[in-house]
Amino acid sequence: MSRPSSRPASRPFLRQGRRSPRSWTSFAKNAPGASKLRQSLKPSAVRARFAPSPTGYLHVGGVRTALFNWLFARHNGGVFVLRVEDTDVARSKPEYAAAILSGLRWLGLDWDEGPQRGGPHAPYFQSQRLHIYREAARALEAAGCAYECFCPSDAFAGETACDCASLSPRDKGNRLRSGAAPALKFRVDTRRDVAVEDVIRGTVVFPAGSIHDFVLCKSGGDPLYNFAAVVDDNAMAISHVIRGDEHLANTPRQLLVYEALGLPPPIFAHIPIILSEQRRKLSKRDGATFLDEYEKLGYLPEALLNFLGLLGWSPGGDRELLTVAEMIAEFRLADVVKHPAIFDVRKLGWMNKEYLKAAPLAEIAARVEKLLPEDVRRRYGAGRIAAVTGLLRPRVQNLAEIVSQGWYFFTDKPVTPIPEAIAKYCAGPEPLQRLRELREQLARLKTFSEESVETEIRSLAERAGTKAAAYIHPLRVALTGQAVSPGIFEVCAILGREQVLERIDALIGALSGALRATVRMVP
RNA sequence: GCCCCCAUCGUCUAGAGGCCUAGGACACCGCCCUUUCACGGCGGCGACGCGGAUUCGAAUUCCGCUGGGGGUACCA
């Protein structure tokens, strides 16, 4: 039980955020552990948070972290806090912050406290809370837990410690007067092991000497992550810190800061990170890694949430398709796995397809509409868009594919068949002949519908003593320019008689020209 | 280098000593359905990293190794 000896920072302001009596400590190797506290914690006391840094767009890894925090908070009837960690002035940008917020909104991960919503612990941008860190920094320095360091920022590549800690007041004064702006460093007791109690990992001990003095505030005074996060998690009364595994190694440092400040640490849960197919931490170069890319490609938020939820967490058994409500009901930190997961886009694609098939057509069509250019939307209208969506949806994994695959439904220009389609279905004189018959009969149809076209083609084939395919394939080439498409009768119905005849004529023209050329060459 | 984490099919995972000749899903491969593609149906391929130890019995516990990952920033 090595209770922190000094209580330098029992400053009132630092104590505001205390949420429970300090009944345990996680600094000693034989600490009682988080589990006991977890059990005694009332669900209503749960306050989880997502604390993204707006130095880039929202990453699928970040989304997963946000999701786990959100699920945890919702499952426990707790509070989900959103805090923007924009202390790195050089790299943070407002547009990134805005994109992160709108991304979370799109997903439906609503926050109870945070930007645009406020809350009892506002502001929720760290850049607006600098005075709070400054005060905490002063407290630490006054208590001898931190010291000013005058070394140039790039001075320490390795382990060598600087000797600024033992600078005489006079030297310090001189440097200060000469305009040097010191960083604030935390003094680490290298003789002591530091143990982290983690809900997912158990007790993790960082041996004495493996942690060195680290920077709390840069020269200039801006706080760094390991400092600001501690101050805010406490100030915002965060009960559970659920974050990526890459932060596990930071945790002992943060624990030390909690201790020096005289604050009770939250419960930690480090979730495994998401790796790219190259088994590396997901980065920009690994294809679509940012949330907005998935939105643009037409993935459904529910599908993304379901997929990400199952990356590193499982409700047990065979469950694959889970609604958000089901995930909330079943989510427990104890069921989060320890090992990293590889992001498999193919499975996401399958899952998105499942959601696409299950959703009401009108909803899906409305989303497709948003992906189409304004003029196309106006020209063809919601009716055709919905019909095309219905036809293509079982064949695609995302909505963008409906647009790219169904392009021939949205153009008045002649369709130029791809060479493979011509070679496969339009070689020789027969297809041309079939097209001519088709053209004649379809023009005569009293009503032009899926059923009437089908009936006509089938009887045409029967009369000619051939298979319907003999008509269907050339027709497909004429209408779509492709060798594959949805059912051709349905395609006809959507295009309408006028466009169908136009395209048949066009192909007849092209084929007869080509045939003449071939014949001329033969002799 | 040092510190830490992790280890079941190609991928996501189920599995918490006998229920496991290891289950499901994605992917892949067949077959069926069919005008093509897709959907759907049926079937198949495919894993407990290695070595010790504990035990009557280990995917499940312990140790070592190997492998992978993360951290070691005046980034988060």
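Within every chain, numbering begins at 1; the chains are lettered A, B, ... in the order of the sequence lines, protein sequences first and strands thereafter.
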So which protein nitrogen or oxygen atoms get under 3.5 Å of nucleotides 13-16 of chain B's nitrogens or oxygens?
unit_1, atom_1, unit_2, atom_2, d
B/rU13, OP1, A/Gly312, N, 2.6
B/rU13, OP2, A/His339, NE2, 3.2

Checklist entry - Are A/Tyr96 and A/Tyr57 close enough that their ring centres sit under 6.0 Å apart? => result yes
Item to check | Face-on cation placement of A/Arg64 at A/Phe68 ring, 6.0 Å and 45° thresholds | outcome: yes
Checklist entry - Which part of the nucleic acid, if any, lies within contact of A/His247, taking any heavy atom under 4.0 Å across all strands shown: a base, the sugar-phosphate backbone alone, or nothing? => result base
Item to check | Test side chain to side chain contact (heavy atoms under 4.5 Å, CB included) applied to A/Asp318 - qualifying residues, sequence neighbours left out | outcome: none
Item to check | Partner nucleotide, any strand, of B/rU61 [Watson-Crick/G-U, under 3.5 Å] | outcome: B/rA53
Next on the checklist: Categorize A/Lys281 for me: base, sugar-phosphate, or nothing, with a 4.0 angstrom heavy-atom threshold over every strand shown.
Outcome noted: sugar-phosphate
Checklist entry - Base, sugar-phosphate, or nothing: which does A/Asn250 touch, judged by heavy atoms less than 4.0 Å apart? => result base
Item to check | Residue matched to B/rC2 through Watson-Crick or wobble contacts both under 3.5 angstrom | outcome: B/rG71
Checklist entry - NA contact type, A/Phe206, heavy-atom cut-off 4.0 Å: base, sugar-phosphate, or nothing? => result sugar-phosphate
Next on the checklist: Over all strands shown, is A/Ile273 touching base, sugar-phosphate only, or nothing at heavy-atom distances under 4.0 angstrom?
Outcome noted: sugar-phosphate
Checklist entry - Would you say A/Lys353 reaches B/rC39's phosphate, i.e. side-chain N/O to OP1/OP2 under 4.0 Å? => result yes
Checklist entry - If we ignore angles and hydrogens, is there a donor and acceptor under 3.5 Å between the side chains of A/Glu197 and A/Thr203? => result yes
Item to check | Under 4.0 angstrom between A/Lys357 side-chain N/O and B/rG40 OP1 or OP2 | outcome: yes
Checklist entry - Hey, do the aromatic rings of A/Tyr225 and A/His247 have their centres closer than 6.0 Å? => result yes
Next on the checklist: Need one value for A/Lys467: base, sugar-phosphate or nothing, where a base atom within 4.0 Å counts as base even if backbone is also close, heavy atoms only.
Outcome noted: nothing
Checklist entry - Under 3.5 Å, is there an N or O donor on one side and an acceptor on the other linking the side chain of A/Arg91 and the base of B/rC75? => result yes
Next on the checklist: Using a 4.0 Å heavy-atom cut-off, does A/Arg319 contact any base of the nucleic acid, only the sugar-phosphate backbone, or nothing at all?
Outcome noted: nothing
Checklist entry - When the P atoms of B/rC42 and B/rG51 are considered, how many whole Å apart are they? => result 39 Å
Checklist entry - Who does B/rC31 pair with, Watson-Crick or G-U, both distances under 3.5 Å? => result B/rG41
Item to check | For RNA chain B, the residues among residues 401-409 of chain A that have a non-hydrogen atom under 4.0 Å from it | outcome: none
Next on the checklist: I'd like to check the side-chain hydrogen bond (donor to acceptor under 3.5 Å, both in side chains) partners of A/Arg175; sequence neighbours left out, ordered by chain and number.
Outcome noted: none
Checklist outcome for this item: The Watson-Crick or G-U wobble partner of B/rA7, with both key distances under 3.5 Å, is B/rU66
Checklist entry - Within the distance-only criterion (no hydrogens, no angle test), does the side chain of A/Asp232 pair as donor or acceptor with the backbone N or O of A/Ala235 below 3.5 angstrom? => result no
Checklist outcome for this item: To the nearest angstrom, the CD-P distance between A/Glu320 and B/rG24 comes to 11 Å
Next on the checklist: Suppose the criterion is salt bridge (charged side-chain N to carboxylate O under 4.0 Å, His left out): which pairs have a residue in residues 347-358 of chain A, not counting sequence neighbours?
Outcome noted: A/Glu320-A/Lys347, A/Glu354-A/Lys357
Sort me out a list of protein N/O and nucleotides 29-35 of chain B N/O pairs below 3.5 Å, or just none if empty.
unit_1, atom_1, unit_2, atom_2, d
B/rU35, O2', A/His473, NE2, 2.8
B/rU35, O2, A/Arg476, NH1, 3.3
B/rU35, O2, A/Arg476, NH2, 2.8

Next on the checklist: Strictly below 4.0 Å: does A/Thr87 bring a side-chain N or O up to OP1 or OP2 of B/rA76?
Outcome noted: yes
